Engineer: 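Shown below is the structure under consideration.
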4 protein chains.
Amino acid sequence: MPATSPAPRRARSGNRRDEAARLAVLHAADDLLVEHGFGALTIEAIARRAGVAKQTIYRWWPSKVEILLDTLIEDSEKRLPVPAEKATAEIIRGYLRDFERFLNGDPAGRVLLAIIAEAQHDPGTAKNFHERYLGPRRERERAMLVRATDVGEISPKLDPDATIDALVGPIVYCALTGSSIPGSVLDTLFEDLLRPR
Amino acid sequence: MPATSPAPRRARSGNRRDEAARLAVLHAADDLLVEHGFGALTIEAIARRAGVAKQTIYRWWPSKVEILLDTLIEDSEKRLPVPAEKATAEIIRGYLRDFERFLNGDPAGRVLLAIIAEAQHDPGTAKNFHERYLGPRRERERAMLVRATDVGEISPKLDPDATIDALVGPIVYCALTGSSIPGSVLDTLFEDLLRPR
Amino acid sequence: MPATSPAPRRARSGNRRDEAARLAVLHAADDLLVEHGFGALTIEAIARRAGVAKQTIYRWWPSKVEILLDTLIEDSEKRLPVPAEKATAEIIRGYLRDFERFLNGDPAGRVLLAIIAEAQHDPGTAKNFHERYLGPRRERERAMLVRATDVGEISPKLDPDATIDALVGPIVYCALTGSSIPGSVLDTLFEDLLRPR
Amino acid sequence: MPATSPAPRRARSGNRRDEAARLAVLHAADDLLVEHGFGALTIEAIARRAGVAKQTIYRWWPSKVEILLDTLIEDSEKRLPVPAEKATAEIIRGYLRDFERFLNGDPAGRVLLAIIAEAQHDPGTAKNFHERYLGPRRERERAMLVRATDVGEISPKLDPDATIDALVGPIVYCALTGSSIPGSVLDTLFEDLLRPR
DNA sequence: CGATAAGCGAGACGGTACGTCAGGTCTTGTG
DNA sequence: CACAAGACCTGACGTACCGTCTCGCTTATCG
């Protein structure tokens, strides 16, 4: 009688990285940020909450912001993916609205704002933030715009990067100052800068 | 016979607030931020640098961000005043360009970015930042726009607040991400959103 | 009418050293050593027990052994003074017996043994132990012997230092190995090496 | 079919204890103690230096002091054997002088002092030290004295154990306090306590 | 004019978190 | 099954700042 399941059992630790610990840290950091704010986000608190040793954190992350960056990358991939297939004007408009909702409603959006903030205080954070998040994402946003332009869905007034800055800038700025940009304003900017067909 | 000068001399201490100490603290905070970044901006470092006792700082400022806020308010009044007299399209365009230069070139601009950042981490800071800086300044910016509109210099597509967010947002966002928005992009937004005569 | 007391009141802290904290640390260290052994004598434990901040300990003592050295010096001054007045054979014999009892019965004796031990592990400790305890005490012991010799109370076979080593050595050695030298043996060595009148 | 030997060659690992690893650990511990002092004697450092896994140490030794005890036992058997054949006064005197040289000159002597020290800090160490080193050695020293007494080589004033304490005590005490007892003093004690023929 | 009261530099104090090190346990994969 | 390797939790290390406090001084104000 042949081979019941391979019994994965518990393989909690060994000489390989412990996935459970990794996730516990990511979630602990996320939760602490959302529940008690960035001020409560200390390595000790994360370790305590995750049920993990401080050393385990220091072994795998150079700073607490890198932890946030990890959660941000994983979360924004799921919750705010850059549309990668067909690029219609409507899809782009939807992305902008999702972006606004992400920043003002989603816990992961709080993480993004916190990292932007921390990047002002520390050049190392700024560098990693660009290399690991902003850069790659901008790449895909630019590609989305170019595709839509090629297809004739939109005909932007400015070059792709400037266009993105002009559209995303107000959204982020409003989120940073605690307000939330109205959908109608978003629409006006969208119509105005992209001139959709 | 009209009283020889009151000889203010150095009044290093006494029973009234010591202006020299106040200025020393403001400058020390400013300098530390610019030279070594926000991470080096501790109360102890400010006190050390200013040659002042910690208690003197705690007596007059509730937190180190309030010190920055004080310097920001004084400095941006001097270096980036909101035009309050006549409001022509050209004056508004100049203000936007000055704003960009302020953020990316002036030490006081670094202070503003640092405070925006800190406001993400701490609600109290956010509140004070709005009440003491953002709010009053927005008031004057709005007034400037209204005046220009009334006079027929511009005819904005959006209501004043949305207009300001849409113009200032990209400038701030670019500064926050370490880049610097090109003048040409600024001009396009300006033309587009304000439709100057 | 001779001036009622100058009202010392409580002056618990200020910009001068806090005597209460100093004593709390000394006692905490002492107690921990006696109750849980040298292994439990960590700076953190001392601070915890004394109700004192770690920094307060580091401010005044370079190492935990120096704390022990402080208690040892204060305590052995009280509990095992070197006879400084008249020096008869009987007084010297009494001192030797007291020394044995100090090492094997008194908590302060445990402190002495612990410091001797720690001096084996760390040259700095050895140096301080000699300069602050062993040296000055040996001085007084030597003086006691010389005085007794001059008066004709004893006529030692060896020079003073060798005599002390020969008498104290067995006492300390037995204490270190957990046994306790019999009084009769002490008497034999005493008679033999000092040849009292 | 030539049945070449089973090629034992280097049997670095397998299912029996690896003698090379055992020796590497003992030597690493010894070297570290001599070169950098007891403070540098950590399990991790020993493992590093011996090129051995920590687990290998924990598998065979309950504590680092037991490692030292192992080296001490092996070394002092070779370098400071208790004379077991004929016991003349001269041989005993030589043993005392060798003992003094062992403590003050031989690396293995440093190990003995370190263990004595550590025994003050930890009762478990004290117990093992007595059972594995002090006890058996004292046995042989006592036997040596008894033999010499029976033969009439010496006629000690005190019982064997007290005699040994009285002779060895000053030697050890001087070594512990960093000085070194003069040979002449040793001779005086020897003559005085043993009264050799 | 002398008492009072406040601001000041200085710095000790009880704390929290930092980033590092070692302890001792456990698991993996190799020989 | 012993071993090298090394991840893991625990807890102490010594340091930096936090925000509060007392000290001894100087100086303006007021009775």
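Model, not experiment: these values are computed from the prediction. A note on names: the letters A, B, ... follow the listed sequences, proteins ahead of strands, and every chain is numbered from 1.
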Engineer: Closer to the 5' end of DNA chain E via nearest nucleotide, is it Ala45(A) or Ala53(C)?
Structural biologist: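 The residue closer to the strand's 5' end, by nearest nucleotide, is Ala53(C).
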Engineer: Would you say dT27(E) has OP1 or OP2 under 4.0 Å from some side-chain N or O of Arg16(A)?
Structural biologist: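 It does not, given that no N or O in the side chain of Arg16(A) lies less than 4.0 Å from OP1 or OP2 of dT27(E).
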Engineer: When rounded to the nearest 0.5 angstrom, what is the spacing between CG in Leu23(C) and CD in Glu19(C)?
Structural biologist: 4.5 Å
Engineer: Would you say the side chain of Lys54(B) and the base of dG11(E) hold a donor-acceptor pair, judged only by whether the two atoms sit under 3.5 Å apart?
Structural biologist: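 Under the 3.5 Å cut-off, the side chain and the base do not form any donor-acceptor pair.
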Engineer: Take Arg132(B) and Asp70(B), measure what salt bridge (charged side-chain N to carboxylate O under 4.0 Å, His left out) needs, and give me the verdict at the end.
Structural biologist: CA-CA 9 Å; Arg132(B) 301 189 54 206; Asp70(B) 278 9; 2.8 Å; yes
Engineer: Compare the minimum distances between each of dG19(F), dA22(E), dG14(F) and the side chain of Tyr58(C), then state the nucleotide with the smallest one.
Structural biologist: dG14(F)
Engineer: Any side-chain N or O of Thr42(A) less than 4.0 Å from the OP1 or OP2 oxygen of dT16(E)?
Structural biologist: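 For dT16(E), OP1/OP2 do not have a side-chain N/O of Thr42(A) under 4.0 Å.
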Engineer: Within the pair Trp60(D) and dC3(F), is there a side-chain N or O less than 4.0 Å away from OP1 or OP2?
Structural biologist: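 So the side-chain polar atoms of Trp60(D) do come within 4.0 Å of the phosphate oxygens OP1 or OP2 of dC3(F), strictly under.
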Engineer: A cation-pi test, strictly: NZ or CZ of Arg16(D) under 6.0 Å from the centre of the six-membered ring of Trp60(D) and no more than 45 degrees from its axis. Yes or no?
Structural biologist: no
Engineer: Looking only at side-chain N and O atoms, does Thr56(D) come under 4.0 Å of OP1 or OP2 in dA4(F)?
Structural biologist: yes
Engineer: Hey, is the side chain of Gln55(C) pairing donor to acceptor with the base of dC13(E) inside 3.5 Å?
Structural biologist: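 For Gln55(C), whose side chain was compared with the base of dC13(E), there is no donor-acceptor pair (under 3.5 Å).
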Engineer: What residues in residues 21-36 of chain B put a non-hydrogen atom under 4.0 Å from any atom of DNA chain E?
Structural biologist: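 Nothing qualifies; none.
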Engineer: More 5' along DNA chain F: Pro62(C) or Glu44(B), using each one's nearest nucleotide?
Structural biologist: Pro62(C)
Engineer: Using OP1 and OP2 only, check whether a side-chain N or O of Arg17(B) sits under 4.0 Å from dA6(E).
Structural biologist: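 Checking dA6(E) against Arg17(B), no side-chain N or O comes under 4.0 Å of OP1 or OP2.
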Engineer: Please identify each residue that fulfils side chain to side chain contact (heavy atoms under 4.5 Å, CB included) with Pro123(B), with sequence neighbours left out.
Structural biologist: none
